Asks: 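First the structure, which I've put down as structure tokens, then a few questions once you've had a look.
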Amino acid sequence: MIPRRTWPALSAALLGGLVAVGVAQQDFSKVEIKTERLADDVWVLYGSGGNIGLCSGPDGALLVDDQFAPLSPKILAAVKAANDAPLRWVVNTHWHGDHVGGNEAMAAAGATLIAHDRVRQRMIEGQDNKTFNRKVDPAPAKALPLITFNDSTTLHVNGEDAVAFHVAPAHTDGDVIVWFPKANVVHMGDTFFSATYPIIDLESGGSIDGLIAASARVLARIGDATRVIPGHGTVSDKAGLQRYHDMLVGVRAAVAKLVKQKKSLDDVVAAKPTAAWDETWGKGYMKPDLFTRILYTELSAKKL
Ligand SMILES: [Zn+2]
């Protein structure tokens, strides 16, 4: 049994006034799925929500994540256009709706859904996430992963030995990274945002220390030619992942220093500890003040 951490300090009052992750209002009819080939048998699909990985060949098509349900017909068309093989598997990198939203449609199209144990459990439970002002209903049975694992699993498909491996809680507590050794491509899910501060979903068990560890673990096994698919942002490489890792280490140290001085949340935010990184990383959904608040919330609850 994995202990479920709770964050009493992370209340709506503390992080009040945040914008909602406004998926409900989004007009998906305008979204185009753009496909980019990264290797003989591996593609990335950009649309709305988390980036999708595709490995397609003689054994069939394997998707890594499937964005939002309304996009499923477009995603299936893009999968077919890339390489006309039947869809057989989806691996979810974590349980967020912009990564599992198409699960039900993909299963109906013939895919077996595969994910970490915690993804299935969190989808069954649903969540009222105060930080991001997002209520997630329990998922229908047909959207749930049928095959789950707690450490890693290997898919021997299309000449690949694709390894889906769990990392210690980072973006959430059910994160999985998918490594395609032959194609030399890795899909990092939301443990990697290639151009912005990442979201750390503390209420789903996420942790800055896990994000740092996950990026270090991937950096240790990839080379300069490896294509690195982030959960959000364009495809990157080892150097890009290294810059992200260094940023995470830097901002963590800057916030931890103030937490150790027993500064209040408001004082830490006012001190702008992320300032040196904001120009490069602070212009996405995760704004500097919010990122600082989340780091403070986690670090002030730890023994530093
Ligand atoms: Zn996510």
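Position 1 is the first residue of the sequence; numbering continues from there. This one's a predicted model, so the numbers in the text were calculated from it and none came from an experiment. Just follow the structure's listing: the first ligand is 1, and inside any ligand the first atom is 1. Side chains included, hydrogens not; waters and symmetry mates left out as well; all remaining heavy atoms used.
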Asks: At less than 2.8 Å, would any N/O/S atom of D98, backbone or side chain, sit next to the Zn ion (ligand 1)?
Replies: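 False for D98.
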
Asks: Just give me the atom name: the N, O or S atom of D190 closest to the Zn ion (ligand 1).
Replies: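 Looking at D190, the N, O or S atom with the least distance to the Zn ion (ligand 1) is OD2.
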
Asks: Side chains of S204 and W95: any donor to acceptor distance under 3.5 Å?
Replies: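 Yes, side-chain donor-acceptor contact under 3.5 Å.
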
Asks: Under 3.5 Å, is there a donor-acceptor pair between the D175 and T172 side chains?
Replies: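 Side chains of D175 and T172: pair found under 3.5 Å.
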
Asks: What I want to find out is whether D209 reaches R252 closely enough, with some N-O distance under 4.0 Å, to be called a salt bridge.
Replies: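 Looking at R252 together with D209, the answer is yes, because their closest N to O distance falls below 4.0 Å.
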
Asks: Rounding to 10°, state the angle centred on the Zn ion (ligand 1) that links NE2 in H171 with ND1 in H96.
Replies: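 Here the angle at the metal atom is close to 80°, to 10°.
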
Asks: Does any N, O or S atom of H99, backbone or side chain, fall under 2.8 Å from the Zn ion (ligand 1)?
Replies: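 Of the N, O and S atoms in H99, none lies under 2.8 Å from the Zn ion (ligand 1), which means no.
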
Asks: Just wondering, more than 12 heavy atoms not from K287 lying within 6.0 Å of its NZ?
Replies: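 For K287, atom NZ is crowded (more than 12 foreign heavy atoms under 6.0 Å).
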
